[in-house]
Amino acid sequence: MSSKVTIYCKNTRSYYDVERGSSLLEIYQMLDIKLPYRVVAARVNYKVEDLNFYLYKPKDIEFIDASCPSGMRVYVRTLNMVLAAAITEMFPEADLRIEHPISRGYYCHINNLNQALTPEIIAQIKERMRLIIKQDRRIINEEKQTKIVKDLFRNRTDSDATLFDAWGTRYCRYFRMENPDGNDYIDYYSGVLMPSTGYAEVFDLTPYHDGMLLLGPNRSKPTELERFLPQEKMFEILNENEGWNKLMHINNVGEFNMMCKDNRAFNLIKLSEALHEKKMIQIADMIANRPGGRPKFILVSGPSSSGKTTFSKRLNIQLMVNGITPVIISMDNYFVNRVDTPRDENGEWDFEHIDALDLDLFHRDLNKLIEGQEVKLPTYSFEDGRRVYLGNTLKLNPDNVVIIEGIHALNPKTSEGLPPKALFKVYVSPLTSINLDNHNWIATTDTRLLRRIIRDYRYRNYSAQETIARVASVRRGEEKWIFPYQENADVMFNSALVFELAALKRHAEPILSEVPKYCDEYTEAHRLLKLLKYFISVPEKEIPPTSLLREFVGGSSFRY
């Protein structure tokens, strides 16, 4: 057998013969590849692997830095391990819980601390993190039999060993951080980490509400610290959903799976749906009884696949219970003709740009409705790429409100010239509230992407590969046109359901499995398939036909 293996490096577009058993880090150093930022991991046959990964067979390799989503995930996971190790060393009995992304950072709190979490203690934890990073401790990816790994984690107060049960595999991986004093720290993460703590230099840890906020690198410029962005309303709704999970006695995916094994999924689904309905009722009551007078227009915004359409339809019903007669209008009908649509930096039509809407016409029509005039409503023909009038008109009665759904609904330009008292603004998004365990959260973007993959496949004849290929463009539009305005909402609605990923699993897995193994989109498909493996499927027949989830998996009693 030859002592060499042939690799293809996508960064240099060249083939190389390297020593069998070489690590990715050794190959990177040998090739002297220059990327804009420090390399943190590599894609090996389009799967992300850590730099200590050894090569024994021919592979395609692409080195990545933290400026790409896969690389940033690797960086943040490593930063999480540094934080967890620092707290364990300082407070052995304490439990760190990394709750969710917020304010461009990650909200954390510590249980069993036996003292108040003061700014002084947070500053001490930050200093310990700096020490661990300065020591450049090696992080080793280890693999053992699952039963042995479960035993290693079983007595850990900050870990739930039941998470490993869902995999159904004989072996699984975990991470060990070396410590100069010999007391190595072990932890589990859902993806790979950087090879040592010295890579995680860019971070901050600050007080935040009753916990801490861990800030990492800026996603566009990883050598710079991400800037704090106040998101008080978002924090409030995430806290509310944490309370809902406690009501359902669910703290993480391991506990969720145990409930499913005990045949308690039926009650879980019903309770989760009931909590959704309760929030709908509260929002409808806020609108009906708003101090200073009832609004005329309810503006509903949210990112792609957030469930805005079903939310609007269900809100419509609850408003009717309050004696209000709603009318639903889509902002898409106010698109400019396609020839007038702005183009992006690549010369493609940019349908998510605010100027893709005819705001002058939109403002004129709404002001006419406020004045009691009849308005001719446009309809946008997506086939012809132009706005047409089909004879639809609207004149508001005293008991009418107009629900206006669109991604730009919370943009200040949308409401220019309209009286503030006539508006009520709602932000809808699936703000995932269940974590894998104390140190692994589930990104909101993953929930939305899985919804979109299923919907596009079922109703738009798009493959998962095609949908994933569009993700970067869609997210750029969201970052520019949606997320900056979410705090403008009068109220937020979390459209996620605690059982959601367990329900999406049976739909998403076969679609994702069709993505070819040797293409750029396979990296994301493989990662999503791995995420779904943590969940036990729930019986879909228990999901009611009015569920927001039905918008994506089918079987809804609403018309779309």
Query raised in the report: Do N141 and D50 have side-chain N/O donor and acceptor atoms under 3.5 Å apart?
Result: yes
Requested in this report: Scan side-chain atoms only and decide if N239 and E99 contain a donor-acceptor pair under the 3.5 Å cut-off.
Outcome: no
**Report entry** Considering all heavy atoms, the nearest S306-L548 contact
**Finding:** O-CD2, 4.3 Å
Query - Distance, nearest 0.5 Å, that separates NE2 of H507 from CD1 of I454 - result: 6.5 Å
**Report entry** Test log, rule ring pair (Phe, Tyr, Trp, His ring centres under 6.0 Å), inputs Y188 and Y174
**Finding:** CA-CA 5 Å; Y188 176 81; Y174 66 98; 8.8 Å; no
Query raised in the report: Do the non-hydrogen side-chain atoms of Q231 and Q486 ever get within less than 4.5 Å of each other?
Result: yes
Query raised in the report: Does the K4 side chain pair with the main chain of V18, one donor and one acceptor, at a distance under 3.5 Å?
Result: no
Report task. Show your working on side chain to side chain contact (heavy atoms under 4.5 Å, CB included) between Y15 and I7 and close with a plain yes or no. Result -> CA-CA 6 Å; Y15 291 91; I7 63 164; over 6 Å; no
Query raised in the report: Got more than 12 heavy atoms from elsewhere within 6.0 Å of CZ, F91?
Result: yes
Query raised in the report: Counting only heavy atoms not in R138, do more than 12 fall under 6.0 Å of its CZ?
Result: no
Report task. For I64 and G71, work out which heavy atoms get closest and say how close. Result -> CD1-N, 3.8 Å
Report task. For the residue pair E255 and H249, confirm or rule out a side-chain donor-acceptor distance under 3.5 Å. Result -> no
Query raised in the report: In chain order, what residues pass the ring-ring contact (aromatic ring centres under 6.0 Å, His included) check against W244, with sequence neighbours excluded?
Result: none
Query raised in the report: Is N11 reaching over with its side chain to a backbone N or O of I33, donor-acceptor style, under 3.5 angstrom?
Result: no
Query raised in the report: Short question: side chain of E509, backbone of R506 - any donor-acceptor pair under 3.5 Å?
Result: no
Query raised in the report: Around R170, counting heavy atoms of other residues, nucleotides and ligands shown, do more than 12 lie under 6.0 Å from its CZ?
Result: no
Report task. Please check if any side-chain donor atom of Y185 sits under 3.5 Å from a side-chain acceptor atom of D187, or the reverse. Result -> yes
Query raised in the report: Does a sphere of radius 6.0 Å around CD in E19 hold more than 12 heavy atoms from other residues, nucleotides or ligands, not counting ones at 6.0 Å or beyond?
Result: yes
**Report entry** Charged tip of R38 within 45° of Y199 ring normal and under 6.0 Å
**Finding:** yes
Report task. Check for a donor-acceptor pair, side chain of K144 on one end and backbone N or O of Y171 on the other, with a separation under 3.5 Å. Result -> no
Query raised in the report: In terms of the angle between their ring planes, are F63 and Y28 parallel, tilted or perpendicular, with boundaries placed at 30° and 60°?
Result: tilted
Query raised in the report: Has K47 got more than 12 heavy atoms of other residues, nucleotides or ligands less than 6.0 Å from its NZ?
Result: no
Query raised in the report: With sequence neighbours excluded, what pairs up with H209 under the ring-ring contact (aromatic ring centres under 6.0 Å, His included) test?
Result: F235
Report task. Pick out which of R527, R452, R451 makes a salt bridge (Lys or Arg N to Asp or Glu O under 4.0 Å) with D446. Result -> R527
**Report entry** Modelled atom types, side-chain donor and acceptor of T206 and D204, under 3.5 Å
**Finding:** no
Query raised in the report: Any luck finding a side-chain donor-acceptor pair between S103 and Y107 under 3.5 Å?
Result: no
Report task. Calculate, to the nearest 0.5 Å, the distance between atoms CG and CD belonging to L529 and E524 respectively. Result -> 10.5 Å
Report task. Give a yes or no on whether the backbone of R264 and the side-chain of D262 come within a donor-acceptor separation of less than 3.5 Å. Result -> no
**Report entry** M177 side, atom CE; L193 side, atom CG - distance, nearest 0.5 Å
**Finding:** 8.0 Å
Query raised in the report: Can N45 and D60 be counted as having a side-chain donor-acceptor contact under 3.5 angstrom?
Result: no
Query raised in the report: Is there a donor-acceptor contact under 3.5 Å linking the side chains of Y427 and K233?
Result: no
Report task. Would you please name every residue forming a side chain to side chain contact (heavy atoms under 4.5 Å, CB included) with K134, sequence neighbours left out? Result -> none
Requested in this report: Quick one: which residue pairs count as a side-chain hydrogen bond (donor to acceptor under 3.5 Å, both in side chains) with a foot in residues 72-86, not counting sequence neighbours?
Outcome: none
Report task. Answer yes if the side chains of N346 and D344 hold a donor-acceptor pair under 3.5 Å, and no otherwise. Result -> no
Query raised in the report: With distance as the sole criterion, is a donor-acceptor pair present between the side chains of S196 and D136 under 3.5 Å?
Result: yes
Under 3.5 Å, which donor-acceptor pairs do the side chains of residues 472-480 form with other protein atoms, sequence neighbours left out?
| unit_1 | atom_1 | unit_2 | atom_2 | d |
| --- | --- | --- | --- | --- |
| E478 | OE1 | R448 | NH2 | 3.1 |
| E478 | OE2 | S304 | N | 3.2 |
| E478 | OE2 | R448 | NH1 | 2.9 |

Query raised in the report: Does any donor atom in the side chain of N52 or S23 lie under 3.5 Å from an acceptor atom in the other side chain?
Result: no
Query raised in the report: Okay, side chain of N257, backbone of Y534: is any donor-acceptor separation there less than 3.5 Å?
Result: yes
Report task. Could you tell me whether the side chain of D184 and the main chain of R176 form a donor-acceptor pair under 3.5 Å? Result -> no
Report task. Please name all residues satisfying ring-ring contact (aromatic ring centres under 6.0 Å, His included) with Y457, sequence neighbours left out, ordered by chain then number. Result -> none
Query - T6 OG1 to L55 CG distance, which is reported to the nearest 0.5 Å - result: 11.5 Å
Requested in this report: Kindly compute the distance separating OG (S3) from CZ (R20), expressed to the nearest 0.5 Å.
Outcome: 8.0 Å
